[in-house]
Structure formats: structure tokens, C-alpha cells
Amino acid sequence: MTLQISPGEPPYDAPLELKIEHYLYNCKTHQGAAVAAMNVNSEGRVTDSLITADIVRRKSSFKFDGQMAQHFKQLCQLPAGKNFKAEGHFVPATHKPASTLMGPSMPDLSNNNPQWLSKYPLSAAIEHQAQSLIKPWALPRFKQVRYTQVSALGKVKVQLDAQTDGYVRKLEDYGIWTVQRLTLANQLQLKFTMSISNGSSRLNTLQTDLRFPLVTGQRYHAKWNNIDTDKKVTASALRCNVTKEGNAHEIAPEFSGKYLLIKCDETDEGEPGSSDKLAWLQDLNIFVPVAMQIGDKPESPVKLENVSVTR
């Protein structure tokens, strides 16, 4: 195992203070390879990890060079490793009694479960403001929308569920972890959590001139602050232009009616700026991605695959 301190690796690495890499090394054949990696934040929590097929895909990021091989050869000479024997009785997790003293330490976001985020209510002022934005013109006209978002950044499975209060709960599946957001129409974020963290964040303040129904030529902006469970506040801003109209089946054959194309530039405190192109699907009252750009990298078109709509 090797330890190193390094910055994050965008776009998907979670915040870290320490990166831990796990290696297997055969002392007879002198062959070794990385088998797992994890990021640890300043509070000692694991915020990101790579295992199995994901670490094989990132094999080039974990070079087993001569200096590392020399360290493992030295370890192989230590007698302790050859003589080590485990002590105690191993009890598999499937046979351990469930704790009656505490609940889950990490959120269960399977099938877009709303239970975790429901523990963190919005303030009365934000609730009133959010409801006034979506009623009556932007209430979702579907029960569930699913798609796989494909771009140069990879594939992300997305599930959008309409709530009775008019908000859209979004689940993003990145393979080894998931992200859940409570949103206004799949754009403005009200709440956020990750499957690999027991924390969350929620909208604290919002200033916007966004108004529905959207029309071609409309411009709108938003400024907001999010606050997390550690009371840390981060600022963000968004500027959008509604540029043109098109047929929704151009986005995906499963969509009907018309769409409006919106170009948005966003800044988030402590992160590189981003530019997105979104389609406002008028039959569903939902935003879906068309293209994305992070920092000064080239714009990446977004294709939606495996689309399904439940009304």
C-alpha cells in the first residue's frame, strides 16, 4: 500500500486530503498491480473509491515503476509478513445481528429513495420561493423519466421522479457511487447528497428572475448559496439565454412536442466554471442536457440513450 497527498482529479474525483492506493505484489514472481484506491477528506471520511473494473479502466493512472517495485522487494524480505497469523473469530456480516442503537451511517439511495434528503427540510422562505417559481407553469407532466447520459466525460444513468410537491428528484448513477438531487425542473438544485457521504447540502438563499413559461429570446439569471451539514456556505451563479425552438424527437425519439434550447454559464465557488446547453421539453416540463463544457476544455455533446418516459 502506498500513500500520497494529491489534488482532486476532475471531473469525478470527490474532495480529498489524502489518496490511498492498495496494491497486490507477488514476492515470488515480483509482479504487482493496483487493486483499489480511495480518497479521504480532512475529517477522515472516504469520499471516493475505485475497485474492480473501474481501477482496471484507470490502470494507466497507477504506474508500478522501478522505485515502487524496490519498496515491495524490501517488504518481501521482512519475516513478519511470512509469519503473520490472524487472531480472533471472523463473523461474516450476513450473520451479524443488526444494530438496535443506530441507523444507517450512509444514505440508501437505491431506486431514488427520498428518505435521506427528507431529513433536511428547506427553510420556509426557500420553500415558498421555490413553489412560486414552478406553479402553475412548470409542474412536471410525468411520473418518471430515465435515460443514460453519454458524453466525452463518460456514461451516467439518470432517473428523474416527479414528486407531489412539484419538485423533481434526480438520481445519478456513476457505477461505484450515486448522487441524489432535489431540483426545480432538473435545473436549479434544492438539495444534494452522495451515497458515499453521510453529509448533504441544501439551498440557503436564492435570487433569480427566472419565470415560466419560457419563451425564445428570454434571458434569466440566478444567484444562490448552499449550506452543508457542517454549516459551510458556498456561492454559485447562473446566466441563461433561451435561443431557439426545435422538435423534441431530435433530442430522443421517445420525446414528443417541442423543445426550447437554453445556453447557460455557471460559476461555483472553488470549482472551474461550466457552460451547458439544455433542452426544455415543453410536453414534460423538464430540462435535459444537450452539451456540456467544463472550464477551458472543449464542449462535449451529450447523447441520451435508453430513454423511457412514464406519465
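For the numbers below, each heavy atom of this structure counts, side chains included, while hydrogens, waters and symmetry mates do not.
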Problem set entry | Ser274 (side chain) donor-acceptor with Met292 (main chain) under 3.5 angstrom | no
Under 3.5 Å, side-chain donor or acceptor atoms of residues 234-247 against the rest of the protein: list the pairs with distances, not counting sequence neighbours.
unit_1 : atom_1 : unit_2 : atom_2 : d
Ser236 : OG     : Asp268 : OD1    : 2.6
Asn241 : OD1    : Arg219 : NH1    : 3.1
Thr243 : OG1    : Leu261 : O      : 3.1
Asn247 : OD1    : Lys258 : NZ     : 2.8

For this session: Output yes when a side-chain donor or acceptor of Asn285 lies under 3.5 Å from a complementary backbone atom of Leu139, and no otherwise.
Result: yes
For this session: For His30, enumerate each residue passing the side chain to side chain contact (heavy atoms under 4.5 Å, CB included) test, keeping only those at least two apart in sequence or located in another chain.
Result: Tyr25, Lys73
Exercise. If you measure from the Lys or Arg side-chain nitrogens to the Asp or Glu carboxylate oxygens, is any gap between Lys19 and Glu21 under 4.0 Å?
Worked result: no
Seminar exercise, completed: Those residues at least two apart in sequence (or on a different chain) that pass side-chain hydrogen bond (donor to acceptor under 3.5 Å, both in side chains) with Gln189 are Arg181
Exercise. Which one of Arg169, Lys170, Arg146 satisfies the side chain to side chain contact (heavy atoms under 4.5 Å, CB included) criterion with Asp161?
Worked result: Arg169
Exercise. Taking only residues two or more places apart in sequence, or in another chain, which ones meet Phe287 in a ring-ring contact (aromatic ring centres under 6.0 Å, His included)?
Worked result: Trp280
Exercise. Do the non-hydrogen side-chain atoms of Lys223 and Thr205 ever get within less than 4.5 Å of each other?
Worked result: no
Exercise. Ser195 side chain to Thr178 main-chain N or O, any donor-acceptor pair under 3.5 Å?
Worked result: yes
For this session: Using side chain to side chain contact (heavy atoms under 4.5 Å, CB included) as the criterion, list what pairs up with Asp296, not counting sequence neighbours.
Result: none
Exercise. Going through the distances and angles, do Val150 and Leu304 end up as a side chain to side chain contact (heavy atoms under 4.5 Å, CB included)?
Worked result: CA-CA 6 Å; Val150 183; Leu304 303 186; over 6 Å; no
For this session: Considering only Ile, Leu, Val, Met, Phe, Trp and Tyr, and joining two whenever side-chain heavy atoms are under 4.5 Å apart, list the other residues clustered with Val215.
Result: none
For this session: Could you tell me whether the side chain of His221 reaches within less than 4.5 Å of the side chain of Thr208, counting heavy atoms only?
Result: no
Exercise. Please walk me through it: do Val168 and Leu184 pass side chain to side chain contact (heavy atoms under 4.5 Å, CB included)?
Worked result: CA-CA 6 Å; Val168 175; Leu184 294 179; over 6 Å; no
Problem set entry | Side-chain heavy atoms of Phe142 within contact of Ile286, under 4.5 Å | yes
For this session: Kindly confirm or rule out a cation-pi arrangement of Lys119 over Trp116, judged by NZ or CZ under 6.0 Å from the six-membered ring centre and within 45° of its axis?
Result: yes
For this session: Look at the rings of Tyr174 and Trp177 and say which category their plane angle falls in: under 30° parallel, 30 to 60° tilted, over 60° perpendicular.
Result: parallel
Problem set entry | Close side-chain approach of Met38 and His22, heavy atoms under 4.5 Å | yes
Problem set entry | Pairing residues for Lys191 by the salt bridge (Lys or Arg N to Asp or Glu O under 4.0 Å) criterion, not counting sequence neighbours | none
For this session: Look at the side chain of Gln67 and the backbone N and O of His71, then say whether any donor-acceptor pair between them is shorter than 3.5 Å.
Result: no
Exercise. Would you find a donor on one side and an acceptor on the other, under 3.5 Å apart, between the side chain of Ser197 and the backbone of Met194?
Worked result: no
Exercise. Partners of Lys263 by salt bridge (Lys or Arg N to Asp or Glu O under 4.0 Å), sequence neighbours excluded?
Worked result: Asp265
Exercise. Pairs in or reaching into residues 274-295: which pass salt bridge (Lys or Arg N to Asp or Glu O under 4.0 Å), with residues at least two apart or in two chains?
Worked result: Lys277-Glu299
For this session: Kindly give the cluster partners of Ile227, where membership spreads through any ILVMFWY side chain lying under 4.5 Å from a current member.
Result: Val233
For this session: Taking the side chain as every heavy atom from C-beta outward, state whether Val288 and Tyr147 have any atom pair closer than 4.5 Å.
Result: yes
Exercise. Taking the side chain from Asn111 and the backbone from Asn113, do they hold a donor-acceptor pair closer than 3.5 Å?
Worked result: no
For this session: Would you check if Val290 and Leu278 make a side-chain contact, meaning some heavy-atom pair closer than 4.5 Å?
Result: no
Problem set entry | Test side chain to side chain contact (heavy atoms under 4.5 Å, CB included) applied to Thr310 - qualifying residues, sequence neighbours left out | Lys143, Gln144
For this session: Can you sort out the partners of Asp228 under side chain to side chain contact (heavy atoms under 4.5 Å, CB included), two or more places apart, ordered by chain and number?
Result: Ser201, Asp230, Lys232
Exercise. When you check the side-chain N and O atoms of Asn204 and Asn225, is any donor under 3.5 Å from an acceptor?
Worked result: no
Exercise. Do any N or O atoms from the side chain of Ser300 and from the backbone of Ala152 form a donor-acceptor pair under 3.5 angstrom?
Worked result: yes
For this session: Kindly say whether Leu182 contributes a backbone atom to a donor-acceptor pair with the side chain of Gln163 at under 3.5 angstrom?
Result: no
